[in-house]
2 protein chains.
Amino acid sequence: MSDTPSADTPEDSQAVAAVLDDLAVLAIRRLSTQSDLSLTATMTLSYLDRNGPERLSVLAARQSVTQPSMTQLVQRLEREGLVCRAADDLDGRAVRVSVTDAGRALLAERRRRRRERLAEMLGTLSPGELRELTRVAGEFLPLLRRLLETTADE
Amino acid sequence: MSDTPSADTPEDSQAVAAVLDDLAVLAIRRLSTQSDLSLTATMTLSYLDRNGPERLSVLAARQSVTQPSMTQLVQRLEREGLVCRAADDLDGRAVRVSVTDAGRALLAERRRRRRERLAEMLGTLSPGELRELTRVAGEFLPLLRRLLETTADE
DNA sequence: GACGGTTGTATAAGCTACCTATGTAAATCG
DNA sequence: CGATTTACATAGGTAGCTTATACAACCGTC
């Protein structure tokens, strides 16, 4: 392994960047076996699942797409029974979107499949490697979450 | 891998699978903020950059898209000056695709931008947090690489 | 060498998923 | 109350994927 870089140098970001790149490869190349839902659709459903019903325009902003794109996506998702729309109580212009049970079930199923695939992949590691990976990944997750939290207020 | 692992490995695998799944989702979120090149375009250019010229059909297989998709993508990339096409010397039917200097420059620029953005994000952390994240990332990287290695399809 | 089967790519048509532009109606503000 | 802003829908366009199809090069067998 490379030398530990000193603090506060540009090299700090190299290992982190490399890890994030590899995790992305993991996500894209190894875990996405299906294309029944686009990334934006997936994240939109996940967001609604976690945060509850939300206005269409807020969803668009959160997913960094334009409002007409989100309008169309929500229409498609509604057609597939994954979300439902309701008028907003406080603003006659607004549409509030919520995830349906079918939407929730689909998210859960996709999550299950991904974790299953990961468990298979992990089976190729030695017990020692697996133990080490468990420890390190467990440490990394809260740190990454914190990093994303502190920069999410955009 | 198909043999039953030791008694506590299944639980370990599932626990770390959940963590890796979360990490993968976070990592892919980070990627979704760029849109001048699609994921497949990016990965195709990267592949050509790293491995040298390749047949169109091989590119399609590597990126898990159909051949007509890859044909169209290569046509678009060629139009943008990022790749060039040549007849294959050994097979009159085949097209060999290679990345141009402009394509290489674009990859480098995108890489630079990603690192820059990450450096900004890291700048929001305290020195202690940064040190910790870097340390853990440094341990994580070889393990992650090994996982990707041992599960490479080809 | 002829022929049938396979392989490699291009093109067409269709759908999703994004964009910008535009329109309509509700809400807000002075 | 009128002007402006806000929230969403619709239209038209491109990218990016799919399947279906067509054509030509290649390969193996007779």
Side-chain angles (χ1 to χ4, degrees), chain A residues 27-29 31-48 53-98 103 106 110, chain B residues 28-48 53-98 103 106 110:
Chain A
I28 295 158
R29 281 280 198 68
L31 298 184
S32 354
T33 54
Q34 296 234 355
S35 50
D36 53 339
L37 277 186
S38 73
L39 191 52
T40 307
T42 302
M43 292 202 289
T44 300
L45 281 178
S46 293
Y47 179 87
L48 290 171
E54 186 59 88
R55 284 188 186 187
L56 197 147
S57 51
V58 173
L59 290 178
R62 298 300 303 214
Q63 308 306 323
S64 303
V65 297
T66 62
Q67 167 265 313
S69 293
M70 186 53 73
T71 298
Q72 290 175 18
L73 173 57
V74 166
Q75 283 173 354
R76 285 197 302 272
L77 292 176
E78 188 184 28
R79 206 172 59 208
E80 293 164 28
L82 303 178
V83 302
C84 59
R85 299 149 59 98
D88 193 282
D89 295 330
L90 304 177
D91 186 335
R93 301 167 299 185
V95 170
R96 230 181 42 216
V97 184
S98 47
L106 180 62
R110 286 165 60 92
Chain B
I28 206 168
R29 278 210 183 115
R30 180 172 166 252
L31 275 180
S32 69
T33 59
Q34 309 190 45
S35 53
D36 54 336
L37 274 188
S38 73
L39 209 39
T40 308
T42 302
M43 291 170 99
T44 300
L45 282 176
S46 293
Y47 178 87
L48 291 171
E54 186 60 89
R55 285 189 185 188
L56 197 149
S57 51
V58 173
L59 290 179
R62 300 298 301 214
Q63 306 306 322
S64 303
V65 296
T66 62
Q67 168 265 311
S69 292
M70 187 52 75
T71 298
Q72 290 175 20
L73 173 59
V74 166
Q75 285 173 352
R76 282 194 305 268
L77 291 177
E78 190 184 28
R79 204 171 63 206
E80 294 164 27
L82 302 178
V83 303
C84 58
R85 299 152 57 101
D88 193 282
D89 295 331
L90 304 178
D91 186 336
R93 302 166 300 185
V95 170
R96 232 183 39 215
V97 183
S98 48
L106 180 61
R110 284 166 60 91

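This is a predicted model, so every value here is computed, not measured. Letters A, B, ... mirror the listed sequences (proteins, then strands); counts begin at 1. Every heavy atom of this structure was used, including side-chain atoms; hydrogens, water molecules and symmetry mates were not.
With DNA chain D read from its 5' end, the first of the two nearest nucleotides for A/V95 and B/T40 is the one closest to A/V95. Heavy-atom nearest nucleotides on DNA chain C were determined for A/S69 and for B/Q67, and the one closer to the 5' end corresponds to B/Q67.
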(request) Kindly express the pairing pattern of DNA chain C in dot-bracket notation, using | wherever a base pairs with another strand and counting only Watson-Crick or G-U pairs under 3.5 Å. (result) ||||||||||||||||||||||||||||||
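In this entry the distance linking CG of A/L56 with P of C/dC18 reads 13 Å, nearest Å. At whole-Å resolution of the value, CG in A/L90 and P in C/dA26 are 16 Å apart. Rounded to an integer number of Å, the gap from B/E80 CD to D/dA15 P is 8 Å. Atoms CG (A/L39) and P (C/dT16) sit 18 Å apart, rounded to a whole Å. For the pair B/L37 CG and D/dA15 P, the computed distance is 12 Å after rounding to whole Å. In this structure, the CE atom of A/M70 is 16 Å from the P atom of C/dT16, given to the nearest Å. Here C/dT6 presents its C1' atom at 8 Å from CZ of B/R93, a figure rounded to the nearest Å. If you measure from atom CD of B/Q63 to atom P of D/dG16, you get 13 Å, rounded to the nearest angstrom.
Listed pair A/S38 / C/dT16 fails the phosphate criterion, with no side-chain N or O lying under 4.0 Å from OP1 or OP2. Within the 4.0 Å cut-off from OP1 or OP2 of D/dA7, not a single side-chain nitrogen or oxygen of A/R85 is found. Residue B/T71 places at least one side-chain N or O under 4.0 Å from the OP1 or OP2 atom of C/dA10. Contact between the side-chain N/O atoms of A/S57 and the OP1/OP2 oxygens of D/dC8 is found at a separation under 4.0 Å. Regarding contacts with the backbone of C/dT9, every side-chain N or O of B/R96 stays at 4.0 angstrom or more from both OP1 and OP2.
Side chains of A/L82 and A/L37 form a contact here, defined as non-hydrogen atoms less than 4.5 Å apart. A/L106 is not listed as a side-chain neighbour of A/E80, based on a closest heavy-atom distance of 4.5 Å or more.
Side-chain atoms of B/Q75 and base atoms of C/dA10 include no donor and acceptor less than 3.5 Å apart.
Residue B/D88 is classed as having no contact, given no heavy-atom separation below 4.0 Å to the nucleic acid. Within the 4.0 angstrom heavy-atom criterion, base atoms lie near B/R76.
Picking from D/dA15, C/dC18, C/dG8 the nucleotide with the shortest atom distance to the side chain of B/R79 gives D/dA15. Side chain of A/D91, nearest nucleotide from C/dC18, C/dA27, D/dA20: C/dA27.
Using modelled atom types and a 3.5 Å distance limit, the side chains of B/T71 and B/Q67 yield a donor-acceptor pair.
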